[in-house]
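Lettering follows sequence order; numbering is per chain, from 1. The basis for the numbers below is simple: all heavy atoms, side chains too, and nothing from hydrogens, waters or symmetry mates.
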There are 2 protein chains.
Amino acid sequence: MADTDQLSAVFSALADPTRRAILAELTERDATVSELTAPLPISMPAVSRHLKVLEHASLISRSRAGKWRVCRLEAASMRDAADWIERYRRFWDASLDRLDAHLAAVQAADDASHRAGPAGHPDEEQQ
Amino acid sequence: MADTDQLSAVFSALADPTRRAILAELTERDATVSELTAPLPISMPAVSRHLKVLEHASLISRSRAGKWRVCRLEAASMRDAADWIERYRRFWDASLDRLDAHLAAVQAADDASHRAGPAGHPDEEQQ
DNA sequence: CCTTCACTTAACGATGTCGTTAAATGTAAT
DNA sequence: ATTACATTTAACGACATCGTTAAGTGAAGG
């Protein structure tokens, strides 16, 4: 599935701190490879390959401007990642509620203490 | 920075389709390693290691229940990833905003090629 | 006890990542 | 044309990832 691959490419690209730094830089302004390399502690070939990864994930685009190659942020594919993660929102939004439920369950188990299987453990009620 | 490492761990964990499938499964119910392995085309040791990665990224937690080991979704760390990505929302959400910024940048570069930055926006990450 | 079940760890090989330096490419300027 | 500049590609080494099968753990149960 191309969709899955694209998502993997985006998450994979975002997994590297250097690449996230590059993306952050590009939110300020478009930049050449030299400009992007300057603040980083690595060589230009290394940066060039990071850019290749970012481009492959459609997170940036590159164009020639005379002698230079200008990089531009293309956040469209980041939206896919955001949308994917978004489906989990309720699982962290509701974490406090779930904690309450969990504590209540433990309390209940303490009172009635007998149940099928191993007692006193944090499941039986979820979601 | 530990924060950066955590973010990298989360994105890195999410980069793998199998791990995303496992997380999706865990949104339905807590599950044992066997239950998680069943629908997947890989061996249990392979799944076990995926679970280790997910646990290291704090995306799941594991607890013993007698003979079994129960995995539970812990989406809290996904929130960090969501928050990070969220800062890029305006770049895909507000196309007018972005177009304006671009035009302003071009204009500024045209007028006087010095770098004060017409955008002047937050963000900055370093490793 | 000693086996069985659920799972993890060890050991291995294929492949990918991330850095380096040196050589190639392509555009601009002399 | 030749040289200089910006960037990429090639070649290499160190280390991580992802799968496998085989051997360890630890709790359950005859």
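Atom CD1 of B:Ile42 is separated from atom P of D:dT17 by 15 Å (rounded to the nearest Å). Separating the NE2 atom of A:His56 from the P atom of C:dC18 is a distance of 14 Å, rounded to the nearest angstrom. When the P atom of D:dA16 is taken as reference, atom CG of A:Asp16 falls 14 Å away, rounded to whole Å.
Nearest-nucleotide mapping onto DNA chain C: of A:Gly66 and A:Arg19, the residue sitting toward the 5' end is A:Arg19.
Distances shorter than 4.0 Å separate some side-chain N or O of A:Ser43 from OP1 or OP2 on C:dT20. Look at A:His50 and you won't find any side-chain N or O under 4.0 angstrom from OP1 or OP2 of C:dT17.
Residues B:Arg19 and B:Val53 are in side-chain contact: their nearest non-hydrogen atoms beyond the backbone lie under 4.5 Å apart. Between B:Val33 and B:Trp68 the shortest side-chain heavy-atom distance does not fall below 4.5 Å. Using a 4.5 Å cut-off on side-chain heavy atoms (C-beta onward), B:Glu35 and B:Cys71 make no contact.
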Q: Treat primed atoms plus P, OP1 and OP2 as sugar-phosphate and everything else as base, then score nucleotides 4-10 of chain C 5' to 3': B for base contact with protein heavy atoms under 4.0 Å, S for sugar-phosphate contact only, - for none.
A: -BSBBB-
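Within 6.0 Å of atom CZ in B:Arg79, 12 or fewer heavy atoms from other residues, nucleotides or ligands are found, so the atom counts as exposed in its surroundings.
Side-chain N/O atoms of A:Ser8 and B:Arg20 include a donor and acceptor closer than 3.5 Å. Side-chain N/O atoms of B:Glu74 and B:Ser58 include no donor and acceptor closer than 3.5 Å.
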